[in-house]
Amino acid sequence: MTAVVAAVGISRRYGPVTALAELSLAVAPGQILGVTGPSGVGKSTLLRLLAGLERPDTGHVAYAGEPAWAGRGVRYPRPGYVMPVFQNPTASLNPRWPIWRSLTEPLTAPGRERPGRARRRHLAAEWLARAHLDHIDPDTRPGALSGGQCQRVAVLRALVARPALIVADEPTARQDVITAAATSQLIAAATAAGTAAAVVVSHDRAWLAGLAHQIVDLA
Ligand SMILES: Nc1ncnc2c1ncn2[C@@H]1O[C@H](COP(=O)(O)OP(=O)(O)OP(=O)(O)O)[C@@H](O)[C@H]1O
């Protein structure tokens, strides 16, 4: 089965610092790969390389068997192929936008049929309900939400356009045990159909063990 994402011998340096050295992995459709390890070991760097946000200094990344960096810039098999969830949810949620707008923004990517404003608001409400966040008004601005609520909205935002690959950096960082379990369910449900894959970074090995099919420990 062709991997959703594969990396062969990827390395990344920042000046004198080797953030990641000679790493290889592959994630098949339907699979969740967990990444753990101590602070500074290169987990976020690995996610940026797998997401195509940065180019490896050595080695190769491939999406669905196609080289990610065949030309000057990254090439995804389709718009929205990869969706990131950043460590800091405010990086995904525009503070000036109501959350319905941020949540459904991936649906406005080129090559898609753009839903109208009312449809987007309705879809946002549906996704919030799916994450047991239906008490949140879709017109709320992120500043009025807790850190944990923002983080779950950021996870939902990564799922709405049904990406092939979800890369999530500490998606439960601000969450208690119950909300972390809800986040697991969202990620697991997004991959359960067997077409999408996920790579999830966490310091919480117990939580990761309950979610991931395989775990890479960068320690
Ligand atoms: N943009 C950058 N410029 C310079 N150095 C960087 C950059 N990004 C990462 N590094 C360095 O690369 C190393 C790996 O960083 P990275 O953020 O990938 O680690 P991490 O395992 O995700 O850490 P944490 O668990 O604390 O988030 C660190 O030494 C870090 O200082």
Side-chain angles (χ1 to χ4, degrees), residues 3-27 31-63 68-69 72-76 81-93 142 145-159 163 165-177 179-181 183-184 186-187 190-191 197-219:
V4 174
V5 66
V8 180
I10 56 171
S11 306
R12 183 75 168 104
R13 293 179 66 89
Y14 299 104
V17 177
T18 299
L20 195 73
E22 295 282 325
L23 193 87
S24 299
L25 57 82
V27 193
Q31 294 292 297
I32 300 174
L33 173 73
V35 179
T36 193
S39 191
V41 80
K43 303 182 296 297
S44 299
T45 302
L46 172 62
L47 278 198
R48 289 195 298 274
L49 296 176
L50 294 179
L53 299 171
E54 289 181 18
R55 187 173 188 156
D57 297 321
T58 69
H60 304 280
V61 173
Y63 298 123
W69 294 92
R72 279 181 171 216
V74 67
R75 287 211 308 220
Y76 298 112
Y81 185 85
V82 181
M83 280 303 293
V85 180
F86 298 106
Q87 229 175 63
N88 179 356
T90 54
S92 309
L93 305 178
L145 300 180
S146 73
Q149 288 173 328
C150 270
Q151 187 60 286
R152 267 193 295 168
V153 172
V155 171
L156 285 181
R157 180 183 178 278
L159 307 182
L165 177 63
I166 299 142
V167 293
D169 203 348
E170 299 281 2
T172 60
R174 291 173 180 78
Q175 297 176 359
D176 58 35
V177 172
T179 46
T183 300
S184 294
L186 287 174
I187 296 172
T191 57
V199 182
V200 182
V201 162
S202 180
H203 283 102
D204 186 342
R205 285 164 196 259
W207 176 79
L208 211 48
L211 173 68
H213 301 98
Q214 44 172 333
I215 292 184
V216 172
D217 191 339
L218 293 181

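In each ligand, atom 1 is the first atom listed, and ligand 1 is the first ligand listed.
- Minimum heavy-atom separation, L50 to A7: CD2-CB, 4.0 Å.
- Note on D169 versus R48: no salt bridge recorded, every NZ/NE/NH1/NH2 to OD/OE distance being 4.0 Å or above.
- The nearest protein heavy atom to atom 31 (O) of ligand 1 is not closer than 4.0 Å.
- The atoms of ligand 1 that sit less than 4.0 Å from any heavy atom of H203 are 25 (O).
- Scanning both residues, V85 and A154, for their nearest heavy atoms gives CG2-O, 4.2 Å.
- From the protein, the heavy atom lying nearest to atom 14 (C) of ligand 1 is G40 O, 3.3 Å.
- At the top of the distance list for atom 10 (N) of ligand 1, counting protein heavy atoms only, stands Y14 CD1, 3.4 Å.
- Annotation for ligand 1: atoms under 4.0 Å from non-hydrogen atoms of Q87 are 27 (O).
- Atoms of ligand 1 lying under 4.0 Å from any heavy atom of R48, numbered from 1 in the order shown and given with element: 8 (N), 9 (C).
- With sequence neighbours left out, E22 forms a salt bridge (Lys or Arg N to Asp or Glu O under 4.0 Å) with no residue at all.
- For atom 26 (O) of ligand 1, the nearest protein heavy atom (residue, atom name, distance) is S39 OG, 2.5 Å.
- Scanning all protein heavy atoms for the shortest distance to atom 12 (O) of ligand 1 gives A19 CB, 3.3 Å.
- The distance from the CG atom of L23 to the CZ atom of R12 is 15.0 Å, given to the nearest 0.5 Å.
- Atoms of ligand 1 found under 4.0 Å from any heavy atom of K43, numbered from 1 in the order shown, are 18 (O), 19 (O), 20 (P), 21 (O), 22 (O), 23 (O), 24 (P), 25 (O).
- In terms of protein heavy-atom proximity, atom 15 (O) of ligand 1 is nearest to T45 OG1, 3.9 Å.
- Which parts of ligand 1 touch P38 is read off a 4.0 Å heavy-atom cut-off, strictly below it: atoms 21 (O).
- Put simply, CH2 on W207 and CD on E170 are 8.5 Å apart, with the number rounded to the nearest 0.5 Å.
- The closest protein non-hydrogen atom to atom 17 (O) of ligand 1 is S44 CB, 3.7 Å.
- G42 counts as a contact of ligand 1, since one of its heavy atoms falls under 4.0 Å from the ligand.
- When all heavy atoms of D217 and R205 are compared, the pair lying nearest together is OD2-NH1, 2.7 Å.
- With hydrogens left out, the protein atom closest to atom 29 (O) of ligand 1 is V17 CG1, 3.6 Å, a heavy atom.
- For the residue pair A19 and T45, the shortest heavy atom distance occurs at CB-OG1, 3.7 Å.
- Distance check: N88 CG to Q151 CD gives 8.0 Å after rounding to the nearest 0.5 Å.
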